[in-house]
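A quick write-up on the structure given underneath.
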Protein chains: 2
Amino acid sequence: MKPTDRPVTSRDVAKAAGVSQATVSAVLNGYSGNIRVSAATRERVLQVAQALGYAPNLAAQALRSEHTHLLALVVRAVQSHPYDQPIPYRLNEAASRAAYRSGYLLLAYHVEVYSSESPAKLVRHLRRQRVDGVLLDAPDCPELVQEVIAAGLRCVQLLRPQPAEGVPVVVVDPQPGIAAAIHHLVTLGHRHIGFVGLESDHPVDRARQRAFFSAMRTEGLEVDQKAIQLVPSYALESGYFAMQRLLDLRAPVTALLASADALTLGILRLLYERGIRVPQQISIVSYDDAFVAHLYPPISAIAQPYEAIAERAVSLLIPVQGENREAFASARVVLPSAFKPRASTAPPIGR
Amino acid sequence: MKPTDRPVTSRDVAKAAGVSQATVSAVLNGYSGNIRVSAATRERVLQVAQALGYAPNLAAQALRSEHTHLLALVVRAVQSHPYDQPIPYRLNEAASRAAYRSGYLLLAYHVEVYSSESPAKLVRHLRRQRVDGVLLDAPDCPELVQEVIAAGLRCVQLLRPQPAEGVPVVVVDPQPGIAAAIHHLVTLGHRHIGFVGLESDHPVDRARQRAFFSAMRTEGLEVDQKAIQLVPSYALESGYFAMQRLLDLRAPVTALLASADALTLGILRLLYERGIRVPQQISIVSYDDAFVAHLYPPISAIAQPYEAIAERAVSLLIPVQGENREAFASARVVLPSAFKPRASTAPPIGR
DNA sequence: CTGAAAGCGCTAACAC
DNA sequence: GTGTTAGCGCTTTCAG
């Protein structure tokens, strides 16, 4: 099997099969160019390669062919407990599989923080590695994107893009999910529905808010301004305090839409502490659906299609025959959200 | 900055700095061998490299130096919902960071299933990629480990090792955590404590069971055999049915130790459905602590030190100067578990 | 249909 | 101190 410790090379295969090394290469790569190999030779080469346990050296291939079959996933800073940020995990897994299926491999960069120094360092890494493409997961910092572009790296932004020319984007439209969620609540009998969102100018956050307002309008409901809580971050604490304010203000909501799973966690914690039961006393819907399906009660949520996001991003990055540069640069994939009713929503009290 | 589209090479740097290409290499690698570079030249080279935005081609380096600075994390099959398997995520992140800190990069292989065909294919990938080391996360299938070893890959097994010669191992000792958990329950007043474990011969599962029995003995408590539920898998469903049996058997436990987070999820689901409250009517402790801290109520749990596991594994894999092959092969790192009391444990009813 | 040869960017031994 | 040189394993023309 393995005659020596040194990995077997294509030359070894050639020698053993009694052909030239170039022929081996041709056979293994589906002989491009004007090279033609007889079926018999082909068979023999394949067999010998198999027998010798030949594995082409990707470093050499990369050196020669200028592409590494490596994709990088750059994951935004994970602040506190890792499990506060499960989205990158879903993305990572899905992207990793999608890449693998296409003969690519995924390098995961869990960048500590996007400090001022860090983006440059990261980009240096990426360039040294000669990755063929970069998936930028919600790059909160504009410089990162700028650096990546400036380095001439082929990349795509996911979920929460920074404004940038020439970088395709894969995002989610919150509208269908939120509309369905509000409709579901209204059907259950809710009239006073609150919203906890991020205080932000980012189109992604604005879109969630807008979708909420427009859904309310569609259902013919008024929005109580006091029932709209804008928080400074998508974090457990923010949800916790938002819920506190909602309760202290006696904003009479019977149902609540939290615009991120992390917020839901905080909301649930406060409700738990105050002994307020879900869904008996208040209905909760979460946006993201990264993991709230596993809480008790399982939380009704608006799901983002993480697997699809990763897949689309990967296939954008993998160059196709005769690809149009313009088309790539301006690609903008918008995937729909979807509402998943579960056990955290029920008719309001007194019905 | 970037005069042309072609990445700048060390030769470009050499030309621009007016030195030979070898000198550039020497400077950038801390000039090994008998080569000496004057401080002035050194400075100049560094500056030119910086100015040109030079990034060494790792493929070329790898080709030459026979090591790629790439580590692979092979993650066991993820069956159902990704979030049922959060441990790989914790490991992945921690390993990725640890590797990055040491100048290595982590390739994540989320292998669909360890089917009969798959291990060979995976190993082929690993060999093509010429990874410097492989972290095997709980390789449930012995062939995988055998193949990896047979391929001459440097590897370490994590958490749930297969018996194999010459492969170091990083595992967790459940004893300290379980002892502390039982002691905690006893202190609260519990006498009837149940256990949901895996029906298995694997040392890791046996150790959890043994730790439970020995802790009970230490506390001077008898174990009710009916309160020991052995299930066929660490899965939500298994926990669900085990709890069902416990309830139907009227095994009068006031507290329960579930030997995996996944089981806890199932247990909680049944309790939720039956309207049995935690911790008022039953106390729950979970083993793993991969994510149950975020449930409501937050679950008291025996934590495995995932970050430490990944770090130790990575540093085992990274070869050190003058390393002892024997010592590497027989390394066996055992990390302690720790109990984290949270809100799912309380005095039993009637106290 | 197959072989010979050049060279990708880098490291390291050796010559000056 | 610094330059020259020989490959690492592969792809890809170009001759035969």
Side-chain angles (χ1 to χ4, degrees), chain A residues 4-46 48-49 52-70 103 127-132, chain B residues 4-46 48-49 52-70 127-130 132:
Chain A
T4 158
D5 237 3
R6 179 181 60 67
V8 4
T9 73
S10 67
R11 186 142 45 223
D12 298 335
V13 176
K15 205 172 300 175
V19 298
S20 90
Q21 184 265 346
T23 306
V24 174
S25 179
V27 168
L28 265 41
N29 297 303
Y31 32 81
S32 64
N34 61 353
I35 212 166
R36 299 243 59 93
V37 182
S38 73
T41 320
R42 196 181 121 74
E43 262 322 299
R44 189 151 35 86
V45 168
L46 253 22
V48 172
L52 258 42
Y54 170 65
N57 184 328
L58 287 196
Q61 268 178 334
L63 180 56
R64 192 63 238 245
S65 64
E66 313 263 59
H67 68 292
T68 52
H69 288 263
L70 248 31
R127 294 199 22 209
R128 287 158 46 107
Q129 205 63 247
R130 299 290 192 272
V131 295
D132 288 341
Chain B
T4 159
D5 237 3
R6 179 180 59 69
V8 1
T9 74
S10 67
R11 187 144 41 227
D12 298 335
V13 176
K15 205 171 302 174
V19 299
S20 91
Q21 184 266 342
T23 307
V24 173
S25 180
V27 168
L28 265 42
N29 296 304
Y31 32 81
S32 63
N34 61 354
I35 211 164
R36 299 245 57 95
V37 182
S38 72
T41 319
R42 196 183 122 73
E43 262 322 299
R44 190 150 35 87
V45 169
L46 254 22
V48 172
L52 259 42
Y54 169 66
N57 185 329
L58 288 196
Q61 268 177 335
L63 181 57
R64 194 64 241 247
S65 64
E66 311 263 63
H67 69 290
T68 52
H69 288 263
L70 247 33
R127 296 199 19 208
R128 287 158 46 108
Q129 205 63 246
R130 300 290 192 271
D132 288 341

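All heavy atoms count here, side chains included; hydrogens, waters and symmetry mates do not. Chain letters run A, B, ... following the sequence lines, proteins first, then strands; residues in each count from 1.
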Can you tell me if the side-chain N/O atoms of [X] get under 4.0 Å from OP1 or OP2 in [N]?
| X | N | result |
| --- | --- | --- |
| B:T9 | C:dG9 | no |
| B:N57 | C:dC8 | no |
| B:T41 | D:dT2 | yes |
| B:Q61 | C:dG9 | no |
| B:S20 | D:dT4 | no |
| A:T23 | C:dG3 | yes |

Figure out the [atom1]/[atom2] separation between [X] and [N], and round it to whole Å.
| X | N | atom1 | atom2 | result |
| --- | --- | --- | --- | --- |
| A:N29 | C:dT2 | CG | C1' | 16 Å |
| A:Y54 | D:dG9 | OH | P | 10 Å |
| B:K15 | C:dG9 | NZ | C1' | 13 Å |
| B:R130 | C:dC10 | CZ | C1' | 17 Å |
| B:R64 | D:dG9 | CZ | P | 9 Å |
| B:Q129 | D:dC10 | CD | P | 14 Å |
| B:R42 | D:dT2 | CZ | P | 12 Å |
| B:L58 | C:dG9 | CG | C1' | 11 Å |

Please pick, from [options], the nucleotide with the shortest atom-to-atom distance to any side-chain atom of [X].
| X | options | answer |
| --- | --- | --- |
| B:Q21 | D:dG3, D:dC10, C:dC10 | C:dC10 |
| A:L63 | D:dT12, C:dC10, C:dG9 | C:dG9 |
| A:A22 | D:dC10, D:dC8, C:dA4 | C:dA4 |

Contact check, side chains of B:E43 and B:S38, non-hydrogen atoms, under 4.5 Å: no
Heavy-atom check, side chain of B:L28 versus side chain of B:L46, under 4.5 Å: yes
Which distance, rounded to the nearest 0.5 Å, do you find between the [atom1] of [X] and the [atom2] of [Y]?
| X | Y | atom1 | atom2 | answer |
| --- | --- | --- | --- | --- |
| A:L58 | B:R127 | CG | CZ | 11.5 Å |
| B:L52 | B:T9 | CG | OG1 | 9.0 Å |
| B:N57 | B:R64 | CG | CZ | 14.5 Å |

First encountered from the 5' end of DNA chain D, between B:A39 and A:A59: B:A39
Sugar-phosphate only, base, or nothing, as touched by B:S38 at under 4.0 Å among non-hydrogen atoms: sugar-phosphate
